[in-house]
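As structure tokens, the structure follows; a few thoughts come after it.
Just follow the structure's listing: the first ligand is 1, and inside any ligand the first atom is 1. All of these numbers come straight from a predicted model, not from anything done at the bench.
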Amino acid sequence: MVSSTRFIDSHAHIDGPEYDGDRDEVIQRARDAGLRAILTVGTGDPHSGALERAIQLAEDHADIFAAIGTHPHDARLFDDAAAERINKLIKESSRVIAWGEIGLDYHYDNSPRDVQREVFRRQLTLAREAGLPVIIHTREAEDDTIDILRSEWSDANLRGIMHCFSGSLQLAEAALSLGFLISFAGVLTFKKADELRDVARQVPLERLLIETDCPYLTPVPFRGRRNEPAHVVEVARCLAGIHDKSFDEMGDITTNNFARLFGLESIL
Ligand SMILES: [Zn+2]
Ligand SMILES: [Zn+2]
């Protein structure tokens with residue numbers, strides 16, 4: 001049964017091995033929960049075939065789209081061959097609608113920071129050439145993220161998503177001024193996230209998105225288990241309360257925002 005309530009998981013990793021045993025059931029549960037689309041984000045070594053898995057999933061399902069790019073964790077693996085490969089994959093599949101996730105992660109520092117910054121800049125340039133919005137991952141690197149976006153992206157007109165937002169109001173305001181949408185994940189539902197909920201309250205309705213970032217960050221009340229796209233409704237419920245909207249209204253608002261960003265209004 002298709003529900004009249006509409007939701008979109010704007011950031012998931014269902015192409016990952018965590019779902020190899022039951023991916024079809026996971027997708028079906030998402031549909032049953034009212035999800036109209038899932039954006040699966042291919043990450044990992046750009047030379048390994050990991051990105052192709054996300055694209056294949058999107059090719060196989062009308063309600064799954066793909067984003068591909070090199071995560072800041074893997075920035076040290078990004079080179080000319082990786083750039084060429086990503087570009088080729090994007091040209092070959094209309095199911096790839098965004099370049100990402102890209103950005104800076106100074107929490108884990110899995111790649112040297114100067115390499116992260118360089119690869120972030122390069123991928124912004126490439127995304128612009130490919131004409132795709134970007135998906136930004138940023139953690140404990142707010143100032144550098146904003147500096148780089150201001151210098152490389154402010155006149156791109158392609159916009160993008162600040163994914164799994166967990167930053168300050170200052171970061172949110174800077175991202176909004178650059179035209180970005182702000183996507184909230186299960187973190188928003190955590191007991192200790194009062195500060196983040198205060199930031200979410202300041203984000204205009206037309207800039208809000210919801211996501212799971214599954215398999216990570218399982219929202220309340222499912223914490224401790226593997227996350228999956230169907231749980232995005234818990235983020236919608238929380239965000240609806242914050243903005244004093246109904247659950248259904250928040251589903252419509254975030255679905256329409258996603259559709260507008262990617263020009264998918266006719267199908268979502
Ligand atoms: Zn991320
Ligand atoms: Zn992610």
Using 30° and 60° as the class limits, which term best fits the ring planes of Tyr108 and His73: parallel, tilted or perpendicular? perpendicular

Look at the aromatic rings of His163 and His137 and report parallel, tilted or perpendicular, splitting at 30° and 60°. tilted

Side chains of Leu205 and Lys245, heavy atoms from C-beta outward: is any pair under 4.5 Å? yes

Would you give me the side-chain donor-acceptor pairs under 3.5 Å for residues 232-242, sequence neighbours excluded?
| from | atom 1 | to | atom 2 | distance (Å) |
| --- | --- | --- | --- | --- |
| Glu234 | OE1 | Arg237 | NE | 3.2 |
| Glu234 | OE2 | Arg237 | NH2 | 3.3 |

Can you label the angle between the Phe258 ring and the Phe65 ring as parallel, tilted or perpendicular, going by 30° and 60°? tilted

Tell me if a side-chain donor or acceptor on Arg139 pairs with a main-chain N or O of Leu104 at a distance below 3.5 Å. no

So what's near the Zn ion (ligand 1), protein N, O or S atoms under 2.8 Å? Glu101 OE1, His137 ND1, His163 NE2

